[in-house]
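Beneath this line is the structure, given in structure tokens, with notes to follow.
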Amino acid sequence: MTRLVHHGDALREACERARARGQRVGVVPTMGALHEGHLQLIDGARRAGADFVVVTVFVNPLQFGPEEDLARYPRTLDADLAACRSRDVDLVFAPDANEMYPDGFATEVRVAGSVTEGLEGAHRPGHFHGVTTVVLKLLLLTCPCLAVFGKKDYQQWRVLSAMVRDLSVPVTLHPHPIVREPDGLALSSRNRYLTPDERQRALSLRRGLLAARELFDRGERDSARLVEAAQSPLAEAVDRIDYVALADPLDLCPAPEITGEQALLAIAAHIGTTRLIDNTVLGEPES
Ligand code: AMP
């Protein structure tokens, strides 16, 4: 039985009762418009040992810039609830903005340094402060043993790991591999914006990542050549590239030279009115 609650107090009480029963609470924060990627995170929470699974559905205005797609972001709560029921989620928390940020809300949680500065941080000023503020609040309402985040938003996972470490938040974060369509497109709530032609063109992100992986696996360690290989399938296919960049997989410092065994290769590009991101860790087997 999946219960739907809209208020923080109800979420807190339900989680307290679960803990009193001896259950381990696991949380999967989302912005809704759930797809198979989100559902695999839910399964991941169970596998990681959660026996009371909470999914939060909240399109967080704090993490959208003024020019971004907050107004048109898909909101499909009925379908999300049905999807959660199909995966035996225990509780769905779907607050409105006023519940999360009542009048007078004035607190911001910021992670500083390399982990927030590059890649998404450079192109979406303030984005990660919005993410860390909402996620810490969700963690404090839920007090979970574990929380699952997707590596689709690789940098987000690293930023949240830094927050949890720095503030000694008593939760274990479980990163989940990127879930893809059979043709390689990373699942995203934003894919529904794509026209059939744009969807075809969106495959270029994956092609770029695979081209660079192949080069890396053959021994190439020159960053410029790896980035060039990743960029070349994008050239004709996308309308604008925000970045194709290599970074340290842990602290996300830019990697003009690859020194370690692994490097994060991350892409953000615009196709029509849709902004897509994807990534891979070179030197790490794909799961
Ligand atoms: P979102 O609703 O886009 O904020 O995503 C909620 C969570 O689902 C985040 O931890 C995302 O990284 C994760 N997620 C979204 N799409 C995917 C995907 N294709 N594969 C793995 N995780 C994903």
Side-chain angles (χ1 to χ4, degrees), residues 26-48 50 53-65 68-70 72-77 79-81 83-84 87 89 92-95 97 100 119-120 124 127-128 130-139 142 144 146-161 163-164 171-194 199 202-203 205-206 209 252 264 266-268 274-281 284 286-287:
V27 65
V28 181
T30 80
M31 296 204 299
L34 300 184
H35 50 65
E36 181 59 27
H38 296 114
L39 301 185
Q40 291 199 22
L41 264 57
I42 292 167
D43 297 345
R46 289 255 181 242
R47 271 199 310 278
V53 175
V54 176
V55 172
T56 68
V57 173
F58 179 57
V59 182
N60 175 30
L62 287 190
Q63 69 189 70
F64 286 77
E68 296 182 4
D69 58 345
L70 173 63
R72 78 160 176 162
Y73 198 86
R75 288 154 170 92
T76 61
L77 186 57
D80 293 345
L81 201 53
C84 286
R87 292 307 232 259
V89 168
V92 172
F93 176 54
M100 292 298 280
L119 308 176
E120 290 298 280
R124 303 183 69 187
H127 168 69
F128 286 120
V131 170
T132 42
T133 302
V134 79
V135 171
L136 186 60
K137 179 156 181 158
L138 293 170
L139 292 174
T142 324
L146 62 99
V148 187
F149 292 91
K151 287 195 195 171
K152 161 85 177 0
D153 299 275
Y154 187 99
Q155 187 173 14
Q156 170 172 281
W157 164 55
R158 295 311 311 152
V159 171
L160 292 171
S161 299
M163 177 187 81
V164 162
V171 65
T172 304
L173 301 192
H174 289 261
H176 193 282
I178 300 177
V179 180
R180 298 179 180 282
E181 301 277 9
D183 62 8
L185 182 66
L187 295 187
S188 163
S189 304
R190 291 186 168 95
N191 290 352
R192 66 185 72 194
Y193 301 152
L194 300 170
R199 197 199 167 292
L203 294 174
L205 276 75
R206 178 65 173 157
L209 296 175
L252 301 197
L264 172 72
I267 297 180
T274 305
R275 183 175 185 276
L276 297 176
I277 58 171
D278 203 345
N279 71 79
T280 190
V281 177
E284 181 183 273
E286 283 205 309
S287 42

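Whatever order the structure lists ligands and atoms in, that order sets their numbers, starting from 1.
In this structure, Arg206 CZ and Leu185 CG are separated by 10.0 Å, a value rounded to the nearest 0.5 Å. Atom NZ in Lys152 sits 14.0 Å away from atom NE2 in His176 (nearest 0.5 Å). The OH atom of Tyr154 sits 13.0 Å away from atom CD1 of Ile277, with the distance rounded to the nearest 0.5 Å.
Looking at Gln63, Glu181, Lys152, His176 and measuring to atom 17 (C) of ligand 1, the nearest heavy atom belongs to Lys152. If you check each of Leu41, Val148, Val135 against atom 8 (O) of ligand 1, the one with the closest non-hydrogen atom is Leu41.
Below 4.0 Å from some heavy atom of Leu187 lie the following atoms of ligand 1, by number and element: 16 (N), 17 (C), 18 (C), 19 (N). Numbered from 1 in the order shown, with element, the atoms of ligand 1 that lie under 4.0 Å from a heavy atom of Phe149 read 10 (O). Less than 4.0 angstrom separates some heavy atom of Gly150 from each of these atoms of ligand 1: 9 (C), 10 (O), 11 (C), 12 (O), 13 (C), 22 (N). Set against the non-hydrogen atoms of Ile178, the atoms of ligand 1 under 4.0 Å away are 20 (N), 21 (C). Below 4.0 Å from some heavy atom of Pro29 lie the following atoms of ligand 1, by number and element: 6 (C), 7 (C).
Residue-level proximity to ligand 1 for His35 is carried by the side chain, the only part with a heavy atom below 4.0 angstrom. At a 4.0 Å heavy-atom cut-off, ligand 1 touches Pro177 through the backbone alone.
The backbone N or O of Ala186 sits nowhere less than 3.5 Å from a side-chain atom of Glu181 that would complete a donor-acceptor pair. Panel note: side chain Asn60, backbone Gly130; a donor-acceptor pair is recorded below 3.5 Å.
For a threshold of 3.5 Å applied to N or O pairs, the pair formed by Ala186 and ligand 1 contains no separation below that value. Taking only nitrogen or oxygen atoms, main chain and side chain alike, Asp153 reaches within less than 3.5 Å of ligand 1. Geometrically, ligand 1 and Val179 share a nitrogen or oxygen pair separated by less than 3.5 Å. At least one N/O-N/O distance between His38 and ligand 1 falls below 3.5 Å.
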Legend entry - Asp69 vs Tyr193, side-chain contact (heavy atoms from CB on, under 4.5 Å): CA-CA, chis, key distance, verdict: CA-CA 11 Å; Asp69 58 345; Tyr193 301 152; 3.0 Å; yes
Inset, instruction - Determine, step by step, whether His127 and Phe64 satisfy the side-chain contact (heavy atoms from CB on, under 4.5 Å) criterion, reporting the C-alpha distance in whole Å, the side-chain angles of both residues, the deciding distance to 0.1 Å, and the verdict. - result: CA-CA 6 Å; His127 168 69; Phe64 286 77; over 6 Å; no
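Contact annotation: the side chain of Leu187 never approaches that of Arg180 to less than 4.5 Å [non-hydrogen atoms, C-beta and beyond]. The side-chain heavy atoms of Leu209 and Asp278, taken from C-beta on, include a pair separated by under 4.5 Å.
Nearest to atom 4 (O) of ligand 1 among the protein's heavy atoms is Met31 CG, 3.6 Å.
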